[in-house]
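Nothing fancy with the numbering, it's 1 onward along the sequence. Quick note: numbers below take in every heavy atom, side chains included, and nothing from hydrogens, waters or symmetry partners.
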Amino acid sequence: MLKNIILMGPPGAGKGTQAKRLVTKFDLIHISTGDMFREAIKENTPLGALASSYINKGDLVPDDVTIGIVKERLAKEDCKNGFLLDGFPRTIAQAEALSKIGLEINRPIDVVINIDCDKNELIRRISGRRVCKNCGAPYHVDTMKPKTEGVCDICGGPLYQRKDDNKEALEVRLQHYVNETRPLLEYYEKQGLLKNFDGSQGSDKLFDELSLLILNK
Ligand code: AMP
């Protein structure tokens, strides 16, 4: 089984949804830098204060800060049986730092999964996205409605719209993806680690494809 995994793709491609299902199925540690920042913002920590000034505009949090929190998380004991990085790395500097960290702690990356999706579909998904405030479960106002409006099916928590899921911030996020993150695909392709998947297909079908990859079948 492949156990040290990077999940890449533009905002709205389905990374978060797939990540949640994959870590449950394969018992991997889910490391989402976006979730870590949102948690810090909720708890009013100094990291949260710094991160929110970037996140709300759709900008990337500076590399040294982001690399620091990932380095600390990856070194923890529970990552030894496998982890799934969701939303990291997003820049070449982050990818290079991750390779170095992987060597230092002897946890190298086994595979890089890239989920791609057409821009109009990304905008449709992100602008209608709602997220549970408690457990982070994703919903959509048209295509993935909860049973009771505004309430999470899984934990009963309230649903909300992320501050950076508006048109202006999304444009900025997509630009950062094109300029800073997409070049990583070539970086990992050259290392023979990249596997591409179609994010516009149904979520269940994509999950089956990703599961087969992880099982190395
Ligand atoms: P996400 O939940 O992955 O969409 O991330 C939400 C926001 O958190 C991004 O738009 C960035 O502002 C910030 N962020 C998350 N991961 C990173 C990263 N690897 N590098 C820099 N900023 C990040």
Side-chain angles (χ1 to χ4, degrees), residues 1-37 39 60 63 66-118 121-122 125 135-138 154 177 180-217:
M1 185 184 129
L2 304 176
K3 52 179 202 143
N4 298 338
I5 300 166
I6 295 175
L7 198 53
M8 286 188 59
K15 293 189 301 293
T17 306
Q18 296 297 331
K20 284 200 169 61
R21 293 180 71 179
L22 291 170
V23 296
T24 305
K25 177 165 179 177
F26 295 106
D27 205 13
L28 302 167
I29 299 297
H30 184 193
I31 304 177
S32 157
T33 38
D35 283 352
M36 289 162 97
F37 289 136
E39 197 57 36
L60 294 179
D63 282 336
T66 311
I67 291 166
I69 63 167
V70 172
K71 183 172 182 180
E72 202 177 295
R73 185 66 191 88
L74 276 178
K76 290 201 172 144
E77 178 68 12
D78 61 355
C79 288
K80 73 171 191 305
N81 295 326
F83 53 83
L84 187 147
L85 282 163
D86 163 9
F88 182 94
R90 265 176 154 101
T91 64
I92 291 281
Q94 291 179 13
E96 287 173 344
L98 178 63
S99 302
K100 215 168 125 219
I101 296 166
L103 284 176
E104 277 166 20
I105 61 176
N106 197 22
R107 291 175 189 168
I109 297 301
D110 295 323
V111 69
V112 178
I113 294 171
N114 175 44
I115 306 177
D116 211 349
C117 193
D118 162 83
E121 176 63 7
L122 297 175
R125 289 182 184 179
C135 73
I154 300 166
Y177 174 76
E180 278 118 293
T181 309
R182 207 158 58 191
L184 293 183
L185 300 181
E186 198 187 329
Y187 176 88
Y188 285 120
E189 171 91 79
K190 280 192 186 140
Q191 296 182 21
L193 289 172
L194 186 70
K195 300 281 178 198
N196 288 301
F197 291 85
D198 174 11
S200 61
Q201 62 181 319
S203 174
D204 289 344
K205 183 150 182 288
L206 177 58
F207 180 67
D208 291 343
E209 288 182 10
L210 297 180
S211 297
L212 283 179
L213 171 80
I214 292 174
L215 288 168
N216 233 339
K217 286 193 172 156

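- In this view, E39 satisfies the side chain to side chain donor-acceptor pair (under 3.5 Å) rule with no residue, not counting sequence neighbours.
- For D116, the side chain to side chain donor-acceptor pair (under 3.5 Å) test picks out no residue, with sequence neighbours left out.
- Among all heavy-atom pairs drawn from L28 and K3, the shortest one is CD2-O, 3.5 Å.
- Residues I6 and Y188 meet the side-chain proximity criterion, which asks for heavy atoms closer than 4.5 Å.
- The distance from atom CE of M8 to atom CG of L185, rounded to the nearest 0.5 Å, is 4.5 Å.
- Between Y177 and G9, the closest heavy-atom pair is CE1-C, 3.7 Å.
- For D110, the salt bridge (charged side-chain N to carboxylate O under 4.0 Å, His left out) criterion is met by no residue, not counting sequence neighbours.
- For L122 against C117, the heavy-atom pair with the smallest separation is CD2-CB, 3.6 Å.
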Criterion side-chain contact (heavy atoms from CB on, under 4.5 Å) on F26 and I5, from CA distance to verdict: CA-CA 11 Å; F26 295 106; I5 300 166; over 6 Å; no
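- No donor-acceptor pair closer than 3.5 Å links the side chain of D86 to the backbone N or O of L7.
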Review item, side-chain donor-acceptor pairs of residues 91-106, under 3.5 Å, at least two apart:
from: T91; atom 1: OG1; to: D63; atom 2: OD1; distance (Å): 3.0
from: T91; atom 1: OG1; to: D63; atom 2: OD2; distance (Å): 3.4
from: T91; atom 1: OG1; to: Q94; atom 2: N; distance (Å): 3.1
from: Q94; atom 1: OE1; to: R90; atom 2: N; distance (Å): 2.8
from: Q94; atom 1: NE2; to: D63; atom 2: OD1; distance (Å): 2.9
from: S99; atom 1: OG; to: A95; atom 2: O; distance (Å): 3.1
from: S99; atom 1: OG; to: Y187; atom 2: OH; distance (Å): 3.4

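- Scanning both residues, L22 and I214, for their nearest heavy atoms gives CD2-CD1, 3.9 Å.
- Expressed to the nearest 0.5 Å, how far CE of M1 lies from CG of D27 amounts to 8.0 Å.
- In plain terms, the two heavy atoms of A19 and H30 that are nearest each other are CB-NE2, 3.5 Å.
- A heavy-atom distance below 4.5 Å is found between the side chains of F197 and L213.
- Between atom CZ of residue R182 and atom CG of residue L184 there is a gap of 11.5 Å, rounded to the nearest 0.5 Å.
- Not a single side-chain contact (heavy atoms from CB on, under 4.5 Å) links D208 to another residue, sequence neighbours left out.
- With sequence neighbours left out, D204 forms a side chain to side chain donor-acceptor pair (under 3.5 Å) with R21.
- Looking only at side-chain heavy atoms (C-beta outward), Q18 and I113 stay at 4.5 Å or farther from each other.
- Every side-chain contact (heavy atoms from CB on, under 4.5 Å) that V70 has, sequence neighbours left out, goes to T33, L74, L85, F88.
- Judged as a side chain to side chain donor-acceptor pair (under 3.5 Å), and not counting sequence neighbours, the contacts of D198 are S200.
- Among residues at least two apart or in separate chains, salt bridge (charged side-chain N to carboxylate O under 4.0 Å, His left out) pairs with a member in residues 183-195 are E186-K190.
- Applying the salt bridge (charged side-chain N to carboxylate O under 4.0 Å, His left out) test to pairs two or more places apart or on separate chains, those with a residue in residues 74-84 are R73-D78, E77-K80.
- Nearest heavy-atom pair, C79 versus R107, reported as atom, atom and distance to 0.1 Å: CB-NH1, 3.6 Å.
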